[in-house]
Amino acid sequence: MRTRRKKNSKTKIAVAILLVAVLAVLAFFGISYGVDRFQRETHPLKYHQYVMQYSKEYGLDSFLVYAFIKTESGFDEKAESYLGARGLMQIMPETFEWIRYRLDEENDPEISFDSMYEAKTNIRYGCYLLKYLSDEFGGGLTEIAAAYHAGNGSVSAWLENSEYSENGKLIKIPKSDTAHYVDKISNAYEVYCKLYNEK
């Protein structure tokens with residue numbers, strides 16, 4: 001009688017352990033699925049045609065372009081900052097004029113600062129700027145993102161200061177808002193790579 005009770009007790013414990021293990025696995029996959037779904041909703045591939053077209057034209061990683069759009073405007077084509085930056089990639093008026101000049105479009109009546117509210121033109125101009133910064137700073141994500149936020153003059157000055165740089169790379173960003181911005185770009189880029197890279 002005692003042996004049967006022991007066997008029943010052991011069986012119940014084994015079943016309970018198995019049940020807990022199954023529930024833990026289901027919970028893990030449920031949470032993973034939920035996180036993945038949430039991240040895909042917050043990190044979409046909107047404006048895919050333009051992102052792919054201009055990232056290819058300017059030799060950029062499309063996920064990097066998406067990271068900037070996500071961080072700058074959250075995919076709001078009509079976004080405008082309190083400083084006057086417009087559109088998906090938040091192009092400032094003076095940056096717009098500089099890019100328009102570089103692209104030899106300053107006399108094009110079809111292109112004005114209002115064009116920065118149009119996804120196609122904004123992404124084209126934003127990709128041109130990213131390519132320029134990538135060339136200037138050797139393709140480093142930290143340097144590109146810092147320059148996009150604080151200006152290439154600031155980044156060039158930081159790179160000349162051994163307190164902030166080492167071997168031509170930023171190791172510290174003295175402006176806290178720029179450092180925070182670089183972290184946001186880096187995090188968004190990592191999420192895009194994780195979600196959409198071909199396995």
Side-chain angles (χ1 to χ4, degrees), residues 43 45-73 75 79 81 83-108 111 113 115-116 118-175 177-193 196-197:
H43 295 74
L45 297 176
K46 292 177 73 174
Y47 308 104
H48 187 69
Q49 177 187 347
Y50 302 139
V51 170
M52 296 310 294
Q53 178 181 346
Y54 294 117
S55 60
K56 184 177 180 181
E57 181 176 330
Y58 291 114
L60 299 167
D61 182 338
S62 61
F63 295 148
L64 182 65
V65 177
Y66 277 119
F68 275 89
I69 295 173
K70 156 73 179 166
T71 303
E72 286 288 343
S73 67
F75 294 88
S81 76
L83 292 172
R86 289 183 177 179
L88 293 170
M89 299 186 75
Q90 290 291 278
I91 306 295
M92 291 288 287
E94 57 273 20
T95 305
F96 163 77
E97 293 294 345
W98 177 79
I99 296 172
R100 185 165 71 154
Y101 170 77
R102 298 272 303 190
L103 292 175
D104 196 25
E105 295 179 352
E106 55 194 329
N107 296 317
D108 186 340
I111 303 291
F113 191 46
S115 303
M116 292 300 95
E118 300 164 5
K120 183 177 181 178
T121 308
N122 188 284
I123 291 171
R124 180 164 64 91
Y125 272 48
C127 285
Y128 179 89
L129 179 57
L130 287 178
K131 169 63 173 170
Y132 179 86
L133 296 174
S134 179
D135 288 346
E136 183 168 359
F137 297 110
L141 187 150
T142 298
E143 292 75 27
I144 293 169
Y148 201 97
H149 185 265
N152 49 341
S154 294
V155 173
S156 294
W158 297 338
L159 287 171
E160 290 174 6
N161 188 328
S162 59
E163 185 181 349
Y164 308 130
S165 69
E166 190 175 282
N167 299 320
K169 298 290 180 186
L170 288 176
I171 55 172
K172 181 180 176 183
I173 298 173
K175 286 182 66 177
D177 58 337
T178 300
H180 179 63
Y181 177 83
V182 170
D183 284 343
K184 286 172 71 176
I185 292 289
S186 298
N187 291 337
Y189 178 68
E190 285 176 15
V191 171
Y192 271 103
C193 289
Y196 302 109
N197 256 339

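When a residue number appears, it is its place in the shown sequence, counting from 1. Small disclaimer: the values here were computed from a predicted structure and weren't measured.
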**Message:** With a sphere of 6.0 Å drawn around NZ of Lys175, does it hold more than 12 non-hydrogen atoms of other residues, nucleotides or ligands?
**Reply:** yes
**Whether Asn187 side chain and Asp183 backbone form a donor-acceptor pair below 3.5 Å** = yes
**Request:** Check the angle between the aromatic planes of Phe75 and Tyr192 and answer parallel, tilted or perpendicular using the 30° and 60° thresholds.
**Result:** tilted
**Item:** Full working for side chain to side chain contact (heavy atoms under 4.5 Å, CB included) between Phe113 and Glu97
**Value:** CA-CA 8 Å; Phe113 191 46; Glu97 293 294 345; 5.6 Å; no
Counting only pairs under 3.5 Å, give me each side-chain donor-acceptor contact of residues 139-149, with atom names and distances, residues two or more places apart or in other chains.
from	atom 1	to	atom 2	distance (Å)
Glu143	OE2	Leu170	N	2.8
Tyr148	OH	Met89	O	2.6
His149	ND1	Thr178	OG1	2.9

**Request:** Evaluate side chain to side chain contact (heavy atoms under 4.5 Å, CB included) for Tyr181 paired with Ile173, printing each intermediate quantity in order.
**Result:** CA-CA 11 Å; Tyr181 177 83; Ile173 298 173; over 6 Å; no
**Asked** What is the ring orientation for Trp98 with Tyr132, classed by angle as parallel under 30°, tilted 30 to 60°, or perpendicular over 60°?
**Response** perpendicular
**Euclidean distance, Glu94 CD relative to Ile91 CD1, rounded to 0.5 Å** = 10.5 Å
**Request:** Calculate, to the nearest 0.5 Å, the distance between atoms CD and OH belonging to Glu57 and Tyr128 respectively.
**Result:** 11.0 Å
**Item:** Closest non-hydrogen atom pair, Tyr66 against Lys46
**Value:** CE2-O, 3.1 Å
**Request:** Tell me, yes or no, whether the heavy-atom count around Lys172 atom NZ, taken from other residues, nucleotides or ligands under 6.0 Å, exceeds 12.
**Result:** no
**Request:** Test side chain to side chain contact (heavy atoms under 4.5 Å, CB included) on Thr121 and Met116 and set out the steps.
**Result:** CA-CA 6 Å; Thr121 308; Met116 292 300 95; 3.6 Å; yes
**Prompt:** Listed by chain and number, what are the salt bridge (charged side-chain N to carboxylate O under 4.0 Å, His left out) partners of Glu166, not counting sequence neighbours?
**Reply:** none
**Prompt:** Do you know which two heavy atoms are closest between Gln90 and Glu72, and how far apart they sit?
**Reply:** CB-OE1, 3.0 Å
**Request:** Find the distance between CD (Glu118) and CD1 (Ile111) and round it off to the nearest 0.5 Å.
**Result:** 7.0 Å
**Request:** May I ask you to test the Tyr50-Leu88 pair for a side-chain heavy-atom distance under 4.5 Å?
**Result:** no
**Request:** Taking atom CG of Asp177 as the centre, report whether more than 12 heavy atoms of other residues, nucleotides or ligands fall under 6.0 Å from it.
**Result:** yes
**Asked** Under the 3.5 angstrom rule, does the side chain of Ser134 hit a backbone N or O of Leu130 as a donor-acceptor pair?
**Response** no
**Request:** Drop me the distance from Glu160's CD to Ser162's OG, to the nearest 0.5 angstrom.
**Result:** 11.5 Å
**Message:** Using every non-hydrogen atom in the two residues, find where Ser55 and Ser62 come nearest and quote the distance to one decimal.
**Reply:** OG-CB, 3.6 Å
**Asked** How far does OG of Ser115 sit from CZ of Phe96, to the nearest 0.5 angstrom?
**Response** 6.0 Å
**Item:** Residue pair Arg124, Lys120: steps toward the side chain to side chain contact (heavy atoms under 4.5 Å, CB included) verdict
**Value:** CA-CA 6 Å; Arg124 180 164 64 91; Lys120 183 177 181 178; 5.8 Å; no
**Prompt:** Which heavy-atom pair separates Met92 from Gly84 by the least distance, and what is that distance?
**Reply:** SD-C, 4.3 Å
**Request:** Check for a donor-acceptor pair, side chain of Ser156 on one end and backbone N or O of Asn152 on the other, with a separation under 3.5 Å.
**Result:** yes
**Prompt:** Between OH of Tyr58 and CG of Leu129, what distance do you get to the nearest 0.5 Å?
**Reply:** 11.0 Å
**Request:** Please check if any side-chain donor atom of Tyr47 sits under 3.5 Å from a side-chain acceptor atom of Gln53, or the reverse.
**Result:** no
